[in-house]
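Along the sequence shown, residues are numbered consecutively beginning with 1. Predicted, not measured: the structure shown is a model, and the values here were computed from it.
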Amino acid sequence: MSGKNSPYTYEQAGVSIAGGNALVKAIGPLAKSTARPGATSELGGFGGFFDPKAAGYEDPLLVAANDGVGTKLKLAIEHDRHDTVGIDLVAMCVNDLIVQGAEPLFFLDYFATGKLENGIAERVVAGIADGCKQAGCALIGGETAEMPGMYAPGDYDLAGFCVGAVERGEQLTGEKVAPGDVLLGLASSGVHSNGYSLVRKLAEDFEWKLDRPAIFDQERLLIDALIEPTRIYVASLLPLVREGLINGLAHITGGGLLENIPRILPEGAHAMVDAANWPQPRLMAFLQAQGHIEPAEMARTFNCGVGMVLSVDPDDVEDVTKRLEAAGETVLNIGEIAGGPRGCTVIGAAGVWSATADWDATHSG
């Protein structure tokens with residue numbers, strides 16, 4: 001420890017310049033692996049360049065999104081599962097872009113911690129690069145902030161920023177959604193990145209053994225089922241969006257089916273979702289049973305097995321379904337658009353989602 005009269009250094013204050021430089025060097029190849037037309041700049045500058053013309057756009061509208069991973073990070077930190085939260089970070093941003101008809105072009109991340117340690121940041125950034133490759137966007141920069149005293153030991157926080165483009169006139173606004181449209185759901189990979197404050201509360205209150213096989217899937221540890229990364233739907237949906245086969249898209253995040261679908265509806269359109277139309281995933285059934293959660297609460301808290309909802313003309317349903325299945329998606333027919341006040345109603349008969357009687361939940365848009 002230096003005395004007050006000794007020269008101070010940044011290192012003594014808890015910030016390692018050398019550690020930061022080593023990290024930048026380590027993640028350079030990860031960023032380079034995500035290169036795509038339009039992205040040319042190297043990491044290390046004060047900003048990243050992107051050329052929309054080189055990406056093939058004539059008259060693009062730019063669309064920006066930013067997000068985090070929420071308290072799912074806490075599970076990752078507590079159980080040394082740092083390798084896929086970067087995929088979650090990218091997914092939350094790029095899925096929000098595709099629902100507006102935009103192709104994700106480039107991504108920047110913000111990683112903040114009290115002290116950079118033993119390769120954790122590199123593992124997180126490797127996940128971000130993986131997510132960018134899945135989404136077809138370039139990781140062109142970011143910020144790693146080492147801030148002593150701001151975070152508890154071992155803790156870190158993540159934010160992501162993504163910019164996409166859509167040719168003028170091709171953006172999805174929901175204005176084409178109309179009564180008679182069929183609602184198709186794309187299966188989620190798990191809890192995705194919302195609802196983890198409740199998941200962690202259940203884990204604490206019921207003393208789950210997260211490092212043991214899940215009771216609903218003996219082949220997987222419970223922690224691995226809970227940490228499964230958010231599915232990225234961009235590559236599957238982009239060709240269909242560009243061909244005008246999708247009238248509206250809703251990314252099912254915080255607020256669940258009930259609150260996210262109305263975000264894409266025009267006045268006079270009401271989404272009717274029948275929970276009996278698809279099997280409740282065993283993970284969702286487990287969460288519901290553990291917390292004695294009412295079906296209506298499930299519909300506004302979790303994705304309930306549906307990560308993305310499409311509103312499609314009835315004549316296009318067969319073609320859209322075939323093409324999405326060929327792209328690796330599990331497609332579920334979850335309901336339809338009816339006339340009525342803007343909003344969403346989720347219904348279920350007795351026995352659906354463990355209900356003792358018929359139930360419904362409505363959210364006005």
Should we say atom CE of M150 is surrounded by more than 12 heavy atoms from elsewhere, each under 6.0 Å from it? no
Donor-acceptor pair, distance only, cut-off 3.5 Å: does the side chain of W278 make one with the backbone of C304? yes
Using the test side chain to side chain contact (heavy atoms under 4.5 Å, CB included), find all partners of T301 that sit at least two apart in sequence or belong to another chain. L198, E297
CG on L222 to CG on D217, rounded to 0.5 Å: 10.0 Å
Flag yes if L324 and I232 sit in one hydrophobic cluster, no otherwise; membership is Ile, Leu, Val, Met, Phe, Trp, Tyr, and two members link when side-chain heavy atoms are under 4.5 Å apart. yes
Any side-chain to backbone donor/acceptor pair from E122 onto L23? Under 3.5 Å, distance only. no
For E103 and R36, run salt bridge (charged side-chain N to carboxylate O under 4.0 Å, His left out): C-alpha distance rounded to whole Å, both residues' side-chain angles, the deciding distance at 0.1 Å, then the answer. CA-CA 12 Å; E103 175 194 13; R36 52 150 296 152; 2.9 Å; yes
Apply salt bridge (charged side-chain N to carboxylate O under 4.0 Å, His left out) to K322 and E318, showing your working. CA-CA 6 Å; K322 275 185 186 163; E318 189 178 350; 3.5 Å; yes
Assigning hydrophobic clusters by single linkage (Ile, Leu, Val, Met, Phe, Trp, Tyr; side-chain heavy-atom cutoff under 4.5 Å), is L283 placed with I87? no
Any side-chain donor-acceptor pair under 3.5 Å between Q280 and Q288? yes
For the pair D157 and K74, evaluate salt bridge (charged side-chain N to carboxylate O under 4.0 Å, His left out) and give the outcome as yes or no after the intermediate values. CA-CA 9 Å; D157 200 9; K74 203 68 179 157; over 6 Å; no
Using modelled atom types only, decide if a donor and an acceptor are shared between the side chain of K72 and the backbone of H192 within a distance under 3.5 Å. yes
Should the heavy atoms of other residues, nucleotides or ligands under 6.0 Å from CZ of R323 be counted, would the total exceed 12? yes
Among D88, N303, T253, which residue satisfies the side-chain hydrogen bond (donor to acceptor under 3.5 Å, both in side chains) criterion with S193? D88
N333 side chain to L184 backbone, donor-acceptor under 3.5 Å: no
For a quick check under 3.5 Å, do N247 and D313 share a side-chain donor-acceptor pair by atom type? yes
Do F111 and V125 make a side-chain contact, defined as non-hydrogen atoms from C-beta onward lying under 4.5 Å apart? no
Look only at the side chain of E146 and the backbone of S16, and say whether a donor-acceptor pair between them is shorter than 3.5 Å. yes
So for atom NZ, which belongs to K176, do other residues, nucleotides or ligands contribute more than 12 heavy atoms lying within a distance under 6.0 Å? yes
Hey, any chance I252 and I334 share a hydrophobic cluster, counting ILVMFWY side chains that come within less than 4.5 Å of each other, even indirectly? yes
From D360 atom CG to D274 atom CG, the distance as rounded to the nearest 0.5 Å: 11.0 Å
Heavy-atom closest contact (V234 atom, P104 atom, distance): CG1-CD, 3.7 Å
Short question: side chain of Q100, backbone of D96 - any donor-acceptor pair under 3.5 Å? yes
If we only count heavy atoms from C-beta on, is the C344 to V273 side-chain gap below 4.5 Å? yes
When you group the ILVMFWY residues by side-chain heavy-atom contacts below 4.5 Å and let the links chain together, are L172 and V320 in the same group? yes
Under the salt bridge (charged side-chain N to carboxylate O under 4.0 Å, His left out) rule, what do E228 and R220 come out as? Steps first, then yes or no, please. CA-CA 11 Å; E228 181 71 31; R220 300 190 79 191; 2.7 Å; yes
Are V124 and I27 connected in a single hydrophobic cluster, I mean Ile/Leu/Val/Met/Phe/Trp/Tyr linked by side-chain heavy atoms less than 4.5 Å apart? yes
What is the distance from atom CG of L265 to atom CD of E175, rounded to the nearest 0.5 Å? 13.0 Å
Aromatic ring pairing W208/F286, orientation class (parallel under 30°, perpendicular over 60°, tilted between): tilted
Could you tell me whether Y156 and H82 have their ring centroids closer than 6.0 angstrom? yes
So, does H270 use its side chain to make a donor-acceptor pair with the main chain of P341 at under 3.5 Å? yes
Give, for atom CD of Q134 and atom OG1 of T230, the distance between the pair rounded to the nearest 0.5 Å. 10.5 Å
Rounded to the nearest 0.5 Å, what separation is found between the CG atom of L61 and the CD atom of Q171? 5.0 Å
Would the Y110 and F161 ring centres measure less than 6.0 Å apart? no
Could you pull out all residues at least two apart from D109 that satisfy salt bridge (charged side-chain N to carboxylate O under 4.0 Å, His left out)? none
P229 backbone acceptor or donor facing T84 side chain under 3.5 Å: no
Mark yes when over 12 heavy atoms from residues, nucleotides or ligands other than E204 sit less than 6.0 Å from its CD; otherwise mark no. no
For Y196 and L226, indicate whether the former's side chain and the latter's backbone hold a donor-acceptor pair under 3.5 Å. yes
Taking S188 for its side chain and R231 for its backbone only, find out whether a donor-acceptor pair lies under 3.5 Å. no
Atom NE2 in H363, atom CG in L258: separation rounded to 0.5 Å? 6.5 Å
Strictly by modelled atom types, are E329 and S236 linked by a side-chain donor-acceptor pair under 3.5 Å? yes
Less than 4.5 Å apart, side chain to side chain, heavy atoms only: is that true for M308 and L249? yes
Identify the heavy atoms of C132 and V90 that sit nearest to each other, and give their distance. N-CG1, 3.9 Å
